[in-house]
Amino acid sequence: MLDIRLFREHPEMVKAGFQKMGTDPGLVDRVRHLDERIRTLKLEAETRKATLNAESKAMGRSLSPEERETRRAALRALGDEISTLDAQRAELEKELQDILWIVPNLPDERVPVGQGEESNVVVRSFGEPRTFEFAPRPHWEVGERLGILDIERGIKISGSRFYVLRGAGAALQRALITFMLDLHITQHGYTEVYPPFLVKEQCLWGTGQLPKFADNQYHDAEEDYWLVPTAEVPVTNLHRDEILDATQLPLHYVAYTPCFRREKMSAGRDVRGIKRGHQFDKVELVKLCTPETSDAELETLTHNAEAVCRALELPYRVVLVCTGEKGDFNAIQYDIEVYAPASKGEEGGEWLEVSSCSNFRDFQARRANIRYRPAPGAKPEFVHTLNGSGLALPRVMIAILENYQNPDGSVTIPSVLRPYMHNQTVITA
RNA sequence: GGAGAGAUGGCUGAGUGGUCGAAAGCGGCUGCCUGCUAAGCAGUUGUAGUCCGAUUAAGGGCUACCCCGGGUUCGAAUCCCGGUCUCUCCGCCA
């Protein structure tokens, strides 16, 4: 959520930001008009309330009974007037709030402006896509041949976009999760968090999934629980409605959770293999910090996520995502993409997004009401929030199965994972 | 699932229709005292919005907030209705 004061004081700046994000700049004028009307109505009501309160108080003292009766009628009329004004205001406030909930964040100046992928900027890369002396197989073939990935049975028991890992496949994923957690905890100084996977609706408003992306969320109507679409939701909301002490910041959290997404928007896309499922695992990095440090925190967060790719020796690149492709609510977003040489089957390889590292500045903090006190006694300010995957499991699995495959169909286990897999070095059928 | 209790300021805890934004204590802050610390004494101490003030001061006025949302009333922390959450006991259960 943007500060309403930005609309009042810097409308042109907000319009320019909306323009870049493909949002109707006319909304700015609409917001300003609503805001002004609301303020006027509020002032009018408050003036009347002041009178009503004073008169009511006087009534408690003066005891002349018949005068009471006449005054009562007058005050009742005044009360009705106030109710009318308040009702009008409530209606406009709702309209205003509905707009503020969905309006995008203002993009950082560094974010390239553009519609699609071609406007993204590769800021750095690591490793070279491997050259194969044989035709690399896509991961679903590699996995099925080794008996570690069972897509057919996933579909049987749960439907499309579900799969089963077995044996070394399940072990490999578990090893990755533990390895990533250990790396971020011991090397990068994050605190491990194990949050609930079911949350209240309010949490999804706090981080921005609601109301705009309600379509993508799983929801248990009976108990009114929502399945987390990412650990970002429960972990960022840990400090909802809190005022943190400046000395507590920055907070660096790492959490492993499954993620649940309905993927209605991408119906029919990426249905092959395990690239996009309704349920997937993820290790997520979340930071809360002061405004002064959030830019630097994004850089380290991104590097921390990249460190996983480096350790696994997977070729990757870091992309500064353009206005048209980035999330609406962050100010700036880096994607980390690993190369999967056979992920598109006959068509060859592709860069797979394994992490989006974003700085939301105070946008989520304002929604979730997460503040901090810059100094003892000072007024609370909103914190800045950041997050990024470190990393998403299925796509890392894809990259490993495809990059580490051998001509005989076996898959070499990346050396950093071997201690987590009883020193196994290769997965064979 | 059954039965009951409760939700008040940073904390503990009074308050059952008017002068209650809210007693008291604790904590915090300021001053005095003290070689320092503690103790003691005095004062002070919620948040947000808005208006006045010199456009971002001191200061002052007003409005809202005693879990949330409605209602009754001239007037609600207090009465009524709905909801949420917490706790206790019983049952069931990984």
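Here the structure is a predicted model, which is why all the values come from computation and not from measurement. We name chains A, B, ... by the order of the sequence lines, and we start the count at 1 in each one.
Base pairing annotation: B:A58 forms no Watson-Crick or G-U wobble pair, as no partner gives both donor-acceptor distances under 3.5 Å. Of all nucleotides present, only B:A64 satisfies the Watson-Crick or G-U wobble test against B:U47, with each distance under 3.5 Å. B:A14 is unpaired under the Watson-Crick or G-U wobble criterion, no partner having all donor-acceptor distances under 3.5 Å. Base pairing of B:C36: no nucleotide in any strand meets the Watson-Crick or G-U wobble criterion (both distances under 3.5 Å). Nucleotide B:G21 has no partner under the Watson-Crick or G-U criteria, as no pair reaches both atom distances under 3.5 Å. Pairing for B:G91 is absent, judged as Watson-Crick or G-U wobble with the two contacts each under 3.5 Å. Judged by Watson-Crick or G-U wobble contacts below 3.5 Å, the nucleotide B:A76 has no partner. In a base pair of the Watson-Crick type (N1 to N3 plus N6-O4 or O6-N4) or a G-U wobble (N1-O2 and O6-N3), with each distance short of 3.5 Å, B:A7 is matched with B:U84.
Screening residues 160-187 of chain A for ring-ring contact (aromatic ring centres under 6.0 Å, His included) gives A:F162-A:H278, A:H184-A:H188, A:H184-A:Y190 as the qualifying pairs, with residues at least two apart or on separate chains. Every pair passing salt bridge (charged side-chain N to carboxylate O under 4.0 Å, His left out) that includes a residue from residues 291-309 of chain A is listed here, sequence neighbours excluded: A:R110-A:D295, A:R124-A:E306, A:K287-A:E297, A:D295-A:R361. Residue pairs that meet the ring-ring contact (aromatic ring centres under 6.0 Å, His included) test with at least one member in residues 253-272 of chain A, sequence neighbours left out, are A:H239-A:Y253. A side-chain hydrogen bond (donor to acceptor under 3.5 Å, both in side chains) check over residues 145-156 of chain A, counting only residues at least two apart or in different chains, returns the pairs A:D150-A:R153. Sequence neighbours left out, the pairs with a member in residues 164-175 of chain A that pass side-chain hydrogen bond (donor to acceptor under 3.5 Å, both in side chains) are A:Q173-A:D281.
Remark: P of B:C85 and CG of A:D241 are 15 Å apart, rounded to the nearest angstrom. In this structure, CD of A:E201 is placed 13 Å from P of B:U84, rounded to the nearest angstrom. Here the P atom of nucleotide B:A48 and the CD1 atom of A:I4 are 18 Å apart, to the nearest Å. One atom, CZ of A:R48, and another, P of B:C51, lie 17 Å apart when rounded to the nearest Å. At whole-Å resolution of the value, CG in A:D80 and P in B:G75 are 9 Å apart. Atom CD1 in A:I243 sits about 13 Å away from atom C1' in B:G9, given to the nearest Å. When rounded to the nearest whole Å, the span between CD of A:E9 and C1' of B:U55 equals 11 Å. Between the CG atom of A:N369 and the C1' atom of B:A48 there is a distance of 11 Å, given to the nearest Å.
Between B:A39 and B:A48, the two P atoms lie 31 Å apart (nearest whole Å). Taking the P atom of each, B:C26 and B:C33 are spaced 23 Å apart, rounded to whole Å. Taking atom P on both B:G83 and B:G4, the two are 16 Å apart, rounded to the nearest angstrom. Here, B:C89 and B:U72 have their C1' atoms 36 Å apart, quoted to the whole Å. On the C1' atoms, B:C81 is 26 Å away from B:U88, given to the nearest whole Å. Rounded to whole Å, the P atom of B:A94 lies 25 Å from the corresponding atom of B:A3. Rounded to a whole angstrom, the distance from the C1' atom of B:U47 to that of B:G9 is 10 Å. The same atom, C1', is picked in B:G40 and in B:U34; the two are 11 Å apart, to the nearest Å.
When all heavy atoms of A:P104 and A:L2 are compared, the pair lying nearest together is O-CD1, 3.6 Å. Across every non-hydrogen atom of A:E353 and A:E337, the tightest pair is CA-CG, 4.2 Å.
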Response to the item:
Nucleotide by nucleotide, nucleotides 62-70 of chain B touches protein heavy atoms under 4.0 Å in the pattern (B base, S sugar-phosphate only, - none) SBS------
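When heavy atoms are screened at a 4.0 angstrom cut-off, A:R76 is found touching the sugar-phosphate backbone but no base atom. Note on A:L52: only backbone sugar-phosphate atoms sit closer than 4.0 angstrom, heavy atoms only; bases stay farther off.
Here the side chain of A:R276 pairs no donor or acceptor atom with the backbone of A:D270 at under 3.5 angstrom.
Each of A:K200 and A:P380 has a nearest nucleotide on RNA chain B; the 5'-most of these lies closest to A:P380.
In this model, a donor atom of one side chain and an acceptor atom of the other lie less than 3.5 Å apart for A:Q364 and A:T385.
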